[in-house]
Number of protein chains: 2
Amino acid sequence: MTGTLSVPQIREQRGIRMVTMKEVAEAAGVSIATVSRVLNGKDRGRIKPEIAREIKRIAKDLGYRPNLVARNLKTRSSRILGFISDEIATTPFAGRIMLGAQDAARELGYILLTVNTGNDPDLERRQIGIVRQYGADGFLYAMMYHRKVDIPEQLDDLPVVLVDAEDRAGARPSICPDEYGIGYTATRRLLDAGCRRIAYFGADVPIVAQSERLAGYRAALDESPIGYDDRLVLAIDEHDVYGDVPRLFDECRPDGVFCFNDVRAHLAYREADRLGLTVGRDLSVVGVDNQPFIAGILSPALTSVELPHYEMGYWSVRKLISLIERTGDSALPEPSIAEGGPSLLADLNLMLPAGIHAPLPSLTQDRAQVSCVLVEKDSVAPASQG
Amino acid sequence: MTGTLSVPQIREQRGIRMVTMKEVAEAAGVSIATVSRVLNGKDRGRIKPEIAREIKRIAKDLGYRPNLVARNLKTRSSRILGFISDEIATTPFAGRIMLGAQDAARELGYILLTVNTGNDPDLERRQIGIVRQYGADGFLYAMMYHRKVDIPEQLDDLPVVLVDAEDRAGARPSICPDEYGIGYTATRRLLDAGCRRIAYFGADVPIVAQSERLAGYRAALDESPIGYDDRLVLAIDEHDVYGDVPRLFDECRPDGVFCFNDVRAHLAYREADRLGLTVGRDLSVVGVDNQPFIAGILSPALTSVELPHYEMGYWSVRKLISLIERTGDSALPEPSIAEGGPSLLADLNLMLPAGIHAPLPSLTQDRAQVSCVLVEKDSVAPASQG
DNA sequence: CTGAAAGCGCTTACAG
DNA sequence: CTGAAAGCGCTTACAG
């Protein structure tokens, strides 16, 4: 039976021993206080430069790495951020929130303790408790679609930033996609393409994304000579494969469609097929999500608005850290633009885009919105000149 | 300027103070040693039961929660697992690996420190170093598609389990989907449906998944009276929208297609359309991934083999913990079957399935494979009797 | 310029 | 049955 060994015994047996500050101090012939000062850059004018240099050299040679557990116990700052999500990991895009959060955290010397609540309040409470026990300096509270939420009181004494959600109490900073802008931009693009009868294929669920995208669509039309016509607006249940789409096409003959998401855009392609229209010429279509999967299926390729998941994750961590450290925007190092390299998976059409594609809001904002990028493919007619 | 406050000062100012063991001890009129014993369940026959009860009551009333940073420093076991992934978060399915890992970790009292390497070896090295400094007891090394990898030497002295990857050196335990089984099962299903000319729409990239699924497909055919015919096998570049598919259909008239993934299955639907065949009757199609997105688009709904991402994440954590604690399979509590509840997002077709759907391999295995479930929809003709 | 000492909040031999 | 003490590996006033 090896079952009687304790974890430290096992570590010992396996030879897991980190070099400690004490060993560095001994090798350098100084006190650990001196080593600590040098290695933490607090030696300016306090420790003889040649000694400092020697200590650094020895620490490096010995492969010394500070034990963060010990440091955290002493300093009560863990540089750990709790990343609480509902079911984010099960949605195909939202991994990018985590990716953006991880990148920003790494750049600023923080790390993420991630935890999933599956929308179970009791589980959430327990999980938050545990992350707190690990000393998290603050929390990211990431939802998988744009909605209003209540932050558990448990977090009242800690900085929190919401991602793709808004604090119902209005007390916490948050970042969301500019849903209104999505509808507006997409519709403007269709107007520029010369479309005169632009339909909206909406979602039939009551979420912020739906109502705001519709509002943006409507605003663009209201501003235009064409105006808004509610006969062109549909709330579509994706499972109801036929629904009202054919009737809308037969009655109104739209020449442009703004779709709540890429999946719904597919319905426009199907109608084009049925009616002998060519997408990108007779019928222009704009989706939302810019899903590579769908791109692999639809032909011509779908012009679609990309949601700024990476950017939201990235911004939210920077905001959170600015709160934790009580510093302003300017105190944090510049964002380094993260770029995704090429990947084998691109060939399998499995990759979702990551990296910063849209300008980030200032960290001074408390209810930030990220604008979304319309990715041009071939499903919208070229913009008419002037 | 508030920038002069240190993090502990800020915490103080915000009133972030956890109840300590010392306070519990004082309130109970005992020593902290006694409190520690009671709260860690080491009081059997060592502390008077009524005192123990009293201490527990007081701890609860005071809302005492042990400071894990302090405990970890002392015990040198952090119950933190490093979750290293390449670009997993950018692929739509693989969040489920993390979800399964998180669920298993939670059930066993561990937590995940997640870090992304973006396939950059230098970044990987640094990130692993940091997670080690936080005292991780072991590492999960998760890749986003099945391949052979080298584990960095940095991890030589710590337990590691690979997810959706195999250790080239053969030294580390790993878990992967049973790719061969996928090809075999899908092809058998098509044979049972009475198909006589079954094509394989493969991928044109050299990954384990491709060659093994093909091998399984071939084995099923070799076993059958029909036999294998390489004219029915295609390596398809998803971006090359036309490719060899139409020629294959014209020349061989397949009545069944096993597709490397759901996106490629779409090509079979398109051919059916072109040739006036009804999918699910004249032409049976099986995909892999069971992507809800694609399901929302293809009609009739696609029968597809689901990859066991959740299961792999779940198993790998249990395996890792059994290594860390040097316990066998039986020492860990039974897996609780995780079930995903209903969700608004299901209406948006955004959810990927999570939870345990396939039997988990025993923890004694070192190169585990999870079998994959074929999810029946409507794209395959009913199995013929007998 | 440098070190001895206290202490962060725990756990655990050791002694009684 | 219980407590005093040492110690995990750091940081940081304090003293010199």
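To find a chain, count down the sequence lines: A is the first, B the second, and so on, and within it residues start at 1.
- Atom pair B:Lys42:NZ and D:dC1:C1' shows a separation of 17 Å (rounding to whole Å applied).
- Looking only at side-chain heavy atoms (C-beta outward), B:Leu323 and B:Pro173 come within less than 4.5 Å of each other.
- Distance, A:Glu23 CD to D:dG9 P: 9 Å, rounded to whole Å.
- Contact annotation: the side chain of B:Ser36 approaches that of B:Met21 to within less than 4.5 Å [non-hydrogen atoms, C-beta and beyond].
- Between B:Thr114 and A:Phe83 the shortest side-chain heavy-atom distance does not fall below 4.5 Å.
- Remark: B:Glu50 CD is packed, more than 12 non-hydrogen atoms of other residues, nucleotides or ligands lying under 6.0 Å away.
- For A:Arg46, no side-chain nitrogen or oxygen approaches OP1 or OP2 of C:dC1 to under 4.0 Å.
- Nearest-nucleotide assignment on DNA chain D puts the 5′-proximal partner with B:Ile51, out of B:Ile51 and A:Val69.
- Taking only side-chain atoms of A:Lys48, from C-beta outward, the nucleotide of C:dC1, D:dT11, C:dT12 with the closest atom is C:dC1.
- For C:dT2, the paired base is D:dA15 (Watson-Crick or G-U wobble, both distances below 3.5 Å).
- With rounding to whole Å, B:Asp43 atom CG is found 14 Å from C:dT12 atom P.
- Counting distance only, with no hydrogens placed and no angle test, the side-chain atoms of B:Lys74 and the base atoms of C:dG9 include no donor-acceptor pair under 3.5 Å.
- Comment: B:Arg132 engages B:Asp157 in a salt bridge, judged by a side-chain N to carboxylate O separation of less than 4.0 angstrom.
- The pair B:Arg37-B:Asp43 fails the salt-bridge criterion, with no side-chain N (NZ, NE, NH1 or NH2) lying under 4.0 Å from an Asp/Glu carboxylate O.
- Taking atom NZ of residue B:Lys22 and atom C1' of nucleotide D:dA4, one finds them 14 Å apart after rounding to whole Å.
- Contact of the A:Ile80 side chain with the B:Tyr134 side chain is registered, since non-hydrogen atoms from C-beta on lie closer than 4.5 Å.
- In this structure the side chain of B:Ile128 never reaches within 4.5 angstrom of the side chain of B:Thr117, judged on heavy atoms.
- Side chain of B:Ile47, nearest nucleotide from C:dT11, C:dC1, D:dT2: D:dT2.
- Atom-to-atom, CG of A:Asn67 to C1' of C:dC8 comes out at 13 Å; the value is rounded to the nearest Å.
- For residues 24-37 of chain A, proximity to DNA chain C is found at A:Val30, A:Ser31, A:Ala33, A:Thr34, A:Arg37, defined as any non-hydrogen atom under 4.0 angstrom from a strand atom.
- In the set D:dG9, D:dT11, C:dT12, D:dT11 carries the atom at the smallest distance from any side-chain atom of A:Met21.
- Between C:dC10 and B:Tyr64, a contact under 4.0 Å exists linking OP1 or OP2 to a side-chain N or O.
- The side chain of B:Asn40 places an N or O atom within less than 4.0 Å of a non-bridging phosphate oxygen (OP1 or OP2) of C:dT11.
- With rounding to whole Å, B:Leu39 atom CG is found 16 Å from C:dG9 atom P.
- Counting to the nearest Å, the C1' atom of C:dC8 and the CG atom of A:Leu73 are 4 Å from each other.
- The side chain of B:Arg76 lies closest to D:dG9, out of D:dG9, C:dC10, C:dT2.
- Comparing C:dA6 with C:dT2, their P atoms are spaced 23 Å from each other, to the whole Å.
- What separates CD1 of A:Ile55 from P of D:dC10 is a distance of 14 Å, to the nearest Å.
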